[in-house]
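Structure record follows, encoded as structure tokens.
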Amino acid sequence: MPYDFAAIEAKWQEKWESEGTFYVNPDESKPKFYCLEMFPYPSGALHMGHLRNYSIGDLMARFLTMRGYNVLHPMGFDAFGLPAENAAIKYGVHPYEWTWNNIEKMTEQLKNMGCSYDWRRRITTCHPSYYRWNQWFFLKLYEKGLAYRAESPINWCPSCRTVLANEQVIEGGHCWRCGSEVTKRKLEQWFFATTKYAQELLDSLDDLPGWPENVKIMQRNWIGRSEGVRLKFEVPELEETLETFTTRVDTIFGVTYIALSPEHPLVSKIMALSPHEDAVGSFVQRVTNTNVTSARLQETEKEGVFTGFYAINPANGKSVPLWIANYVLMEYGTGAVMGVPAHDQRDFEFAQKYGIPIIWVVRPVDGDIEDMTRAFEEEGLSCNSGQFDGLTTSEALEAMANWAEENGFGKKEVQYRLRDWLVSRQRYWGTPIPVVYCDRCGIVAIPEEDLPVILPTDVEMPKEGSSPLPHLEEWINTTCPKCGGPARRESDTLDTFVCSSWYFLRFCSPWCDDKPFDDEVHYWMPVDQYIGGIEHACLHLIYSRFFTKVLADMGLVSFREPFINLLTQGMVIKDGAKMSKSRGNVVDPDDIIKRYGADTARLFILFASPPDKDLEWSDRGVEGAHRFLSRLWRYMEENIESLNNADPTPIAMDSLVEPDKRNLKRRIHKTIELVTRDIEVERQFNTAVARFMELFNEMNSYEPKDETDWSLLREAAETLVVCLSPFVPHICEELWDMLGHKGMVAKQSWPEVDPEALKEDEITIVVQINGKVRERLVLPAGLSEDEMVRRVFEDPKVQRRIEGLDVVKTIVVPDKLINLVVKR
RNA sequence: GCCGGGGUGGCGGAACAGGUAGACGCAGUGGACUCAAAAUCCACCGGUAUUUGGUACUGUGCGGGUUCGAGUCCCGCCCCCGGCACCA
């Protein structure tokens, strides 16, 4: 019978499901292991990236189960999101229906892959039983002051018609989801106070040795901690004190102007009082009205306007002009900066353009400022700085910060680039934010016991792509829970990243209906192995860490980091580019599974490249993987009788004499050793597959002559089937069955290495002369250095090589090589 | 510009800790089987030279260095990929 993968895969998938093979519950008698892959958005169908993600996760889950762990391996759907609304408009199908159809289809696809999930735990975030807890967490954060509503300059995606969090603006100003250019707006929105956790989010990265270094670096950059000083500048004519933040307080004597952001709160007062009122007004108007996209912000030329007012430099009492400049961001620091043209390139350009003086207050250690063509930003020695002259930059930073503090015009401060997480969205298909606006009481939170606030499903989707919620009068109009008077519901919904910030907790007890999760969370959490794409380095992975820390501070969980080990898998590439519809280089997983089977697809994906690197798709490679499975199948079928008649007890190395037999025995245990290390330590599944192929090639070419041979081949076959089963589970179940076993291979223990069997009898010793390989000698393993040297010098080939030469040095690496250093 | 990661056959990729470069697979070439083809099986498969059993030289982005010995370590470049980027 040929390898009928379709029948085999259907058979075992059905068995796994009907027998509940992968159901797990807490079990204190075993070490636990929580293996999690990032759950998908139900976009309609799995793509190759999913297939890769879930093949890796399933391999790990199955492997660890065989290693004796009690493994939680769940799956669910991140089911709120904009594509459902777009589909609704495009096809006239309700987002609810579209999403649920996709979930059913994708669940089927995941089952067809043979993934070992505990499907009883499937969660879908768009279900009220899930999103009510999003609302509950929102209320908890609101109580703690960690959720707040504020007006702020924010990012707006015109195509998605919603605001975006900072993290969700990527590639220099584009929407993470649709790629449109994002514009800046000033709106009142809901935020989660991630910045309150900035320092801990940064510090505890050091407690995550199981995370890839590059992800930690990306998060460090994203959090962007910088130490500096907050300085006060008096503006006597306005009777105001301005604050600026600087990381270069050592350049304070070089301040020649102060620049405010056009959005700075003082600007309105300035406009009212300025002698250059018209110029200032028109400048501010022009800059704030230019609906500049973040992408273009960086290329915009520096511009500014003099206000007519002067600030006093507290370091030396000098008056410096007060400007308003377009390059000062309101979102960072204080929205005002001290201008030091000599030592900041941006200030330099600005000063040159407007003829502002340049005062050098740091000079290079060796030499002088000669060329005035750009700012000197490096470290050096202070000059023109009064009593601080001659200090090195690091000394000056410390001394001048202390001086500023002692004299009351400065305070050391830490600033972060990280902003608070903007969580409200002007979208329909999301979690309703559980607050109302009451004319009398203002913002009022919905009481906990009234949750969930159900997202109305009986709605007409507006054609132009906006949310129907603000116009849904019967839903919007409600009563204030506080005073009973009329109130309007919040019509914004929560960012879908809120759903994914705690779903890993919900998997521990998805049936819990009076809490977001129950005590099982203490058994399973934290996640031992998390697997997903690197694109979430500064999105989901930061939000989840933040959520976990907040929950820990609320006493709901006892750990402060959700994911102990992280594996970020590479992209799936075809013809040198990421698979995408627009490029037309997409390969559909369904087609591959239909044509070759899930086992082939999984094997190819795991074999083609290491998990953290990009994977180049190759149709030929898929055929190669399929060929291997077919050969394995054929070999087993052809030899099944002899294998089943053979003595199933493994024969000890001691009782094997002939080299062929000893070699085969050694190969079996070498394979176990190497494959175990590949999976557990190296996380290189491609090389593990190569080892299996080597073992199989050796079995296949082995010519059995007696009972012992067949017994050895049986051990080889069983080892191969057991070890290969996390990679290609269906065919291995079938082969395990053919080998006469009753239980499932999925429930087998991972084989133990017999150290006796690993010992080599003979070793090929390399003989180098002056570092070049000249001869190879087969010698018994374990010779002493002297014995090795003696045997090498006895060898006639070696003797011929060194005839007439003077061996000045002999380097010996036992059981490996000898290098003869010779002279004429 | 700053910060990461990476450059190894025709291709995907191996090479634990400085010790046989190219495991495994793909493609290719030659052969077997076949009326023929596919499938399958066997052999070869970095380059150059050659007297072709074989041998020598050369070869891991480029140029230096350390070492008995370097894909691996050090110094200086080049190129590709990713992240951040008016963050004061």
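On a predicted model such as this, the values are computed, not experimentally measured, just so you know.
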Look at the side chain of [X] and decide which nucleotide, out of [options], has an atom nearest to it.
{"X": "A:Lys816", "options": "B:A15, B:C16, B:G12", "value": "B:C16"}
{"X": "A:Asn686", "options": "B:C24, B:A27, B:A14", "value": "B:A14"}
{"X": "A:Leu329", "options": "B:A88, B:A27, B:G19", "value": "B:A88"}
{"X": "A:Lys613", "options": "B:A14, B:G69, B:A23", "value": "B:A14"}

- Could you tell me which nucleotide pairs with B:C57 by Watson-Crick or G-U wobble geometry, both distances under 3.5 Å, or answer none if nothing does?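 When the pairing criteria are applied, B:G47 turns out to be the nucleotide that pairs with B:C57.
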- Query: Using purine N1 to pyrimidine N3 plus N6-O4 or O6-N4 for Watson-Crick, or N1-O2 and O6-N3 for G-U wobble, both under 3.5 Å, which nucleotide pairs with B:G82?
  - Reply: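 Checking every strand shown, B:G82 finds its partner in B:C3, with both distances under 3.5 Å.
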When rounded to the nearest Å, what value does the distance between [atom1] atoms of [N] and [M] take?
{"N": "B:C24", "M": "B:G13", "atom1": "C1'", "result": "9 Å"}
{"N": "B:G30", "M": "B:C78", "atom1": "P", "result": "45 Å"}
{"N": "B:U34", "M": "B:U40", "atom1": "C1'", "result": "12 Å"}
{"N": "B:A36", "M": "B:A23", "atom1": "C1'", "result": "37 Å"}
{"N": "B:G4", "M": "B:G76", "atom1": "P", "result": "15 Å"}
{"N": "B:U20", "M": "B:A32", "atom1": "C1'", "result": "33 Å"}

- Is the closest side-chain heavy-atom distance between A:Glu413 and A:Val229 below 4.5 Å?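 Contact flag for A:Glu413/A:Val229 side chains = no.
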- Mind checking what makes side-chain hydrogen bond (donor to acceptor under 3.5 Å, both in side chains) contact with A:Arg602, not counting sequence neighbours?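 A:Arg602: side-chain hydrogen bond (donor to acceptor under 3.5 Å, both in side chains) contacts with A:Asp58.
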- Message: Below the 4.0 Å mark, does B:C84 have OP1 or OP2 next to a side-chain nitrogen or oxygen of A:Arg220?
- Response: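 False: A:Arg220 side-chain N/O out of range (4.0 Å or more) of B:C84 OP1/OP2.
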- Is the distance from OP1 or OP2 of B:U20 to the nearest side-chain N or O of A:Arg776 less than 4.0 Å?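 Result: no.
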- Side chain A:Glu616 and base B:G13 donor-acceptor under 3.5 Å: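 Donor-acceptor pair under 3.5 Å: no.
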- Query: If you take atom types as modelled and just measure distance, does the side chain of A:Lys302 reach the base of B:C86 with a donor-acceptor pair under 3.5 Å?
  - Reply: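 For A:Lys302, whose side chain was compared with the base of B:C86, there is a donor-acceptor pair (under 3.5 Å).
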- Message: Going by the rule ring pair (Phe, Tyr, Trp, His ring centres under 6.0 Å), which residues pair with A:Tyr327 if we only count those two or more places apart in sequence or in a different chain?
- Response: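 For A:Tyr327, the residues satisfying ring pair (Phe, Tyr, Trp, His ring centres under 6.0 Å) (neighbours in sequence not counted) are A:Phe350.
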